[in-house]
Amino acid sequence: MIGRLLQARTLAGVTLGVMVALAFVPPVRSQAKGDSTSAADAFDTVARVMASPRCQNCHTLTGFPRQGDDRHRHMFHVMRGPADDGAAGLPCSTCHGRSNNAASGVPGANDEWRLAPLTMGWDGLSQHELCEHLKDPQHNGNRNGGQVIDHLRSALVRWAWSPGVDRTGKTRTTPPVPYEEFMKDAESWVSSGAACPK
């Protein structure tokens with residue numbers, strides 16, 4: 001019995017010693033919480049994507065959606081509406097289906113087509129302001145970092161990389177960074193502390 005107690009105490013001491021030693025092992029740079037250099041570098045990629053018309057046309061601070069690379073006002077005087085999905089009697093889904101319509105040029109995604117709420121608009125924000133905006137629950141749909149990443153995986157966001165053609169038959173531009181690279185850097189930004197550029 002005494003032998004077993006001594007063996008258990010020795011094992012507990014070794015386990016505690018290993019845990020203490022591991023606590024002082026410096027994390028790999030990309031995993032260091034609050035590593036402002038790597039987080040800010042990763043956010044640069046995120047910001048370049050979010051500055052593209054594919055993102056900004058829906059994350060607008062206006063009472064209407066925008067269209068095209070020049071971000072002009074949506075045709076037919078389409079309005080935001082009280083629930084960000086169009087005016088009463090004329091929801092976004094009246095024209096926007098679950099996929100792009102090559103014949104008409106009307107885009108669609110396998111998700112509910114809608115505008116981001118006004119609180120999630122980022123027209124005219126600097127890169128630093130955009131970063132703070134994305135971390136602020138009052139401006140990001142009350143999401144934590146993991147939930148922001150989940151949103152970036154949604155069909156509506158992914159649509160930006162397969163936007164189809166416009167009404168003239170011209171292929172719409174995509175964000176300046178491939179989706180996989182964008183997600184890798186977005187995940188890196190969140191996991192390394194979500195630091196913002198100065």
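Starting from 1, each residue takes its place in the sequence as its number.
For the atom pair C95 SG and W113 CH2, the distance stands at 11.5 Å (nearest 0.5 Å). In this structure, CZ in F64 is found 11.0 Å from NE2 in H72, a value given to the nearest 0.5 Å. Atom NE2 of H128 and atom NZ of K198 lie 7.5 Å apart (nearest 0.5 Å). From T174, atom OG1 reaches atom CZ of R172 across 12.5 Å, with rounding to the nearest 0.5 Å. For the atom pair L118 CG and T62 OG1, the distance stands at 7.5 Å (nearest 0.5 Å). Distance CG/N110 to OG/S154: 11.0 Å, rounded to 0.5 Å.
Checking side-chain atoms of E132 against main-chain N and O of E129 turns up no donor-acceptor pair under 3.5 Å. Proximity of a side-chain donor or acceptor of N100 to a complementary backbone N or O of A102 within less than 3.5 Å is not detected. Side-chain atoms of S191 come within 3.5 Å of backbone atoms of E187 as a donor-acceptor pair (strictly under, hydrogens ignored). Using modelled atom types, no side-chain atom of H96 and backbone atom of A109 make a donor-acceptor pair closer than 3.5 Å. Between the side chain of D123 and the main chain of L61, a donor-acceptor pair closer than 3.5 Å is present.
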Inset, instruction - With salt bridge (charged side-chain N to carboxylate O under 4.0 Å, His left out) as the test, would you mind laying out the steps for D85 and R80 before giving the verdict? - result: CA-CA 6 Å; D85 63 352; R80 171 183 289 280; over 6 Å; no

Inset, instruction - Start with the C-alpha distance between H59 and H133, add both sets of side-chain angles, then the distance that settles side-chain contact (heavy atoms from CB on, under 4.5 Å), and finish with yes or no. - result: CA-CA 12 Å; H59 282 270; H133 209 68; over 6 Å; no

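Considering all non-hydrogen atoms of both residues, P197 and F43 come closest at CD-CD2, 3.8 Å. Taking every heavy atom of both residues into account, W189 and A39 meet most closely at CD1-O, 3.2 Å. In this structure, D69 and P53 approach most closely via the heavy-atom pair O-CG, 3.6 Å. Between A194 and K135, the shortest heavy-atom distance links the atoms O-NZ, 2.9 Å. Closest non-hydrogen pair, C58 versus L115, comes out as O-CD2, 3.5 Å.
Residues L134 and M50 meet the side-chain proximity criterion, which asks for heavy atoms closer than 4.5 Å. Using a 4.5 Å heavy-atom cutoff, the side chains of S52 and T173 are not in contact. A heavy-atom distance below 4.5 Å is not found between the side chains of L156 and E112. The side-chain heavy atoms of S188 and S38, taken from C-beta on, include no pair separated by under 4.5 Å. Between V148 and H151 the shortest side-chain heavy-atom distance does not fall below 4.5 Å. Looking at Q138 and T119, their side chains never come closer than 4.5 Å, going by heavy atoms from C-beta outward.
By the side chain to side chain donor-acceptor pair (under 3.5 Å) test, R114 is found to be paired with no residue, residues two or more places apart in sequence or in another chain being considered.
Using a 4.5 Å cut-off between side-chain heavy atoms of Ile, Leu, Val, Met, Phe, Trp and Tyr, with links allowed through other members, V106 and W161 fall into different hydrophobic clusters. When hydrophobic clusters are built by joining Ile, Leu, Val, Met, Phe, Trp and Tyr residues whose side-chain heavy atoms come closer than 4.5 Å, directly or via intermediates, V49 is grouped together with V190.
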Under 3.5 Å, which donor-acceptor pairs link side chains of residues 175-186 to any protein atom two or more places apart or in another chain?
| unit_1 | atom_1 | unit_2 | atom_2 | d |
| --- | --- | --- | --- | --- |
| Y179 | OH | L152 | O | 2.9 |
| D185 | OD2 | T45 | OG1 | 2.6 |

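The side chain to side chain donor-acceptor pair (under 3.5 Å) test with N57 singles out one residue from H74, R66, Q67, R71, and that residue is R71.
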